[in-house]
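Report on one structure; see the data block that follows.
Order of the sequence lines fixes the chain letters, A, B, ..., with proteins taken first and strands second; residue numbering starts at 1 for each chain. Model, not experiment: these values are computed from the prediction.
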Amino acid sequence: MLRTHTCGELRGSDAGTATTLCGWVASRRDHGGIVFLDLRDRYGITQVSVPSGNGDLSALALGLGPETVVRVRGTVRLRPGGMRNEKRPTGEVEVEASSLEVLNPARPPAIPVADGESASDEVRLRHRYLDLRRPSCQRVLEGRHRILSAVRRFFDGEGFVDVETPALVRWTPGGARNYVVPSRVHPGSFYALAESPQLFKQLLMVAGLDRYYQVVRCFRDEDLRLDRQPEFSQVDVEMSFVEEEDVMGAVERMLAAVVKEVDGRDLPLPLRRIPYSEAMLRYGCDKPDLRFGLPISDVTDLVRESGFTVFRAAAAAGGVVRGLSVPGGASLSRKEIDGLEKVAREAGAKGLAWMKREEPGSPEGEFRGPFVKFLAGGEAAAIADGVGAARGDLSLFVAADEESACAALAAVRGAAARAKGLLDGTALACCWVVDFPLLERTEGGGWAARHHAFTSPRPDQLELLETDPGRVLARAYDLVINGFEIGGGSIRTHRTDVQERVFRAIGIGPGEAREKFTFLLEALASGAPPHGGIALGVDRLVMVLLRLPNIRDVIAFPKTTSAQDLMTGAPSPVSPSQLRELRIRPEA
RNA sequence: GGGGCGGUAGCUCAAUUGGUUAGAGUACCGGACUGUCGAUCCGGAUGUUGGGGGUUCGAGUCCCCUCCGCCUCGCCA
């Protein structure tokens, strides 16, 4: 080793010992006679003092620019009283240098490396190696490592086998767009990069592995979001001879172990289970943010005869009128309410009806708001009660078709929580969303699998597959934390006859589409055990657990929203000769 | 593919209604200083205003095209 200690470990008790440190120059303070250097590595910052009297050493120290890589030999000294730095663990001591060695000079950094200094996303990503040199970034990467270690410890301890599955796979129809990889050996044929190991892990169950897990990279060629990257990691899990509760139980115990590891607190189990239909009604979406209340209520039946035409017409047209109450929201300004209405409009609502119940200082029973004048006697109180509005609360209503109303109120709910400061930055609100519909309508009027085609229908609802497909519930479950979908899974179909019926319901007949799944049907017919599993998004989980606002923050080398790597310049064109070898001709 | 916000010195930002030589902090360079730790003080240098075109006596500012970053709708079984 080039060093005897790290920059984070020297204490007062080390005073007098000889030491050699290596690190980056974090700052240089020149006092003419004496020069101070802050030396930084992953473990901390230690002050180095270079006293006068040794001309060469002082001159060398003066020439050290920021981020120069140096090796310092010296003696640990207790700092004089009053000169200690309480802000650093190493602040009691300094290393009095007897020699300085420049291991590598550094050009002035393109972005400041110190924590607390700002730089735009663009330059941070372009110089990611400097960005990652910041202590805060290193804490995140360490946190991610601890989380993944805890995950692996948990599954290892429960007898799961870590099996690797292919990344280069056959292209499969449906689902996320695949990245496509040309085959040199088979010109004109292509691999797909796996969007998930779904089929392989089911085949491992057929093989009898019984309990499988893997931390695996997945690839999806879809547009990016703050919680989506084109390549991301999953904790992929599959278990045999299990039911829903077995999978959910294992995962929430794993989650509790991870939360204990990173937060040191106990996650109360079992997690709340919320049926999909309730999630949609009360929170307007299938991944509710339960860090705050503001539940949505349906008041359609209260406004069928309303004096307010917008409400009456929506109800008559088969739509819904739903709303929520913001506690203390009567204090919100007109400007803030206009902001909420804008949110509702952007989410697809035609408008947002609002009503204040008894503002502070106003008489009992008073309601104020643009549409109150249209309401007949008692109606205002009835719908206010309907959404649970008390004195001083603000009621917000959307009248629309059910889908639009859900989307708009979900957006309004989040915006109102932010406006009223209801978001607890440290909270972890976890739940399972269960009882999803198995199928959903396609644009063409047919049916498609909502989760994937191998999700098992509820066994007591098999007949509905042929009579009323939209009502069939799936044996599926999503893990939701703070409004992010952290994972999703299901009990799979393990019998060929049931799989055939699901295929038929979603219009996969015995044609070419079916051929792509032949190997799976054959596998199911070869003694597939009842099985199920889940896939958890590692990056999202780390993001939520470390309370970071963006998935890029938890990935060492992420892509931008246009799926580029600003540091390396990927993707890039390849040479004509490479294309020729692959028999790929660019479109003219 | 659509919508919104942004791009000015290495970095973070400012620049009135279109008007003189585009400024500040920081970093950088030089000097002073023996106890700083966001060191301080004095001095200096720093620009393709993302790129291209247009309007105008005059464009960082207005118009068109385009590239890049972020957020978002579609998309993500």
Using the [atom1] atoms only, state how far [M] lies from [N], rounded to an integer number of Å.
{"N": "B:rU66", "M": "B:rG30", "atom1": "P", "result": "47 Å"}
{"N": "B:rA45", "M": "B:rG31", "atom1": "C1'", "result": "15 Å"}
{"N": "B:rA14", "M": "B:rU26", "atom1": "C1'", "result": "14 Å"}
{"N": "B:rU72", "M": "B:rC62", "atom1": "C1'", "result": "28 Å"}
{"N": "B:rU34", "M": "B:rU40", "atom1": "C1'", "result": "14 Å"}
{"N": "B:rU46", "M": "B:rG10", "atom1": "P", "result": "12 Å"}
{"N": "B:rC73", "M": "B:rC57", "atom1": "C1'", "result": "46 Å"}
{"N": "B:rC71", "M": "B:rA27", "atom1": "C1'", "result": "30 Å"}

Between the base of [N] and the side chain of [X], is there any donor-acceptor pair under 3.5 Å?
{"X": "A:Arg228", "N": "B:rC76", "answer": "yes"}
{"X": "A:Arg84", "N": "B:rC37", "answer": "no"}
{"X": "A:Glu94", "N": "B:rG35", "answer": "yes"}
{"X": "A:Arg28", "N": "B:rU36", "answer": "no"}
{"X": "A:Arg225", "N": "B:rG74", "answer": "yes"}
{"X": "A:Glu346", "N": "B:rU72", "answer": "no"}
{"X": "A:Asn550", "N": "B:rC70", "answer": "no"}

A:Glu485/A:Lys287 under salt bridge (charged side-chain N to carboxylate O under 4.0 Å, His left out): CA gap, chis, key distance, verdict: CA-CA 6 Å; A:Glu485 183 190 325; A:Lys287 44 179 182 174; 5.7 Å; no

Under 4.0 angstrom, heavy atoms only, what part of the nucleic acid is [X] near: base, sugar-phosphate, or nothing?
{"X": "A:Asn85", "result": "base"}
{"X": "A:Ser120", "result": "sugar-phosphate"}
{"X": "A:Ser49", "result": "nothing"}
{"X": "A:Val123", "result": "sugar-phosphate"}
{"X": "A:Ile45", "result": "nothing"}

Closest-nucleotide 5' rank along RNA chain B - winner of A:Gly91 and A:Asp227: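 That would be A:Gly91.
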
Earlier contact from the 5' end, RNA chain B, for A:Glu440 and A:Lys559: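 It is A:Lys559 whose nearest nucleotide is closer to the 5' end.
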
For A:Gln214 against A:Thr165, the heavy-atom pair lying closest together: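 That would be NE2-OG1, 3.1 Å.
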
For A:Gln234 against A:Arg220, the heavy-atom pair lying closest together: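 The answer is NE2-NH2, 3.7 Å.
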
Strand partner of [N], provided both Watson-Crick or wobble distances fall under 3.5 Å:
{"N": "B:rG43", "value": "B:rC29"}
{"N": "B:rA24", "value": "B:rU12"}
{"N": "B:rU55", "value": "none"}
{"N": "B:rC70", "value": "B:rG4"}

Donor on one side chain, acceptor on other, A:Asp14 and A:Thr17, under 3.5 Å: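 No, no side-chain donor-acceptor pair sits under 3.5 Å.
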
Those residues that, when tested against A:Asp553, pass salt bridge (Lys or Arg N to Asp or Glu O under 4.0 Å) (two or more places apart):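 A:Asp553: no salt bridge (Lys or Arg N to Asp or Glu O under 4.0 Å) contacts found.
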
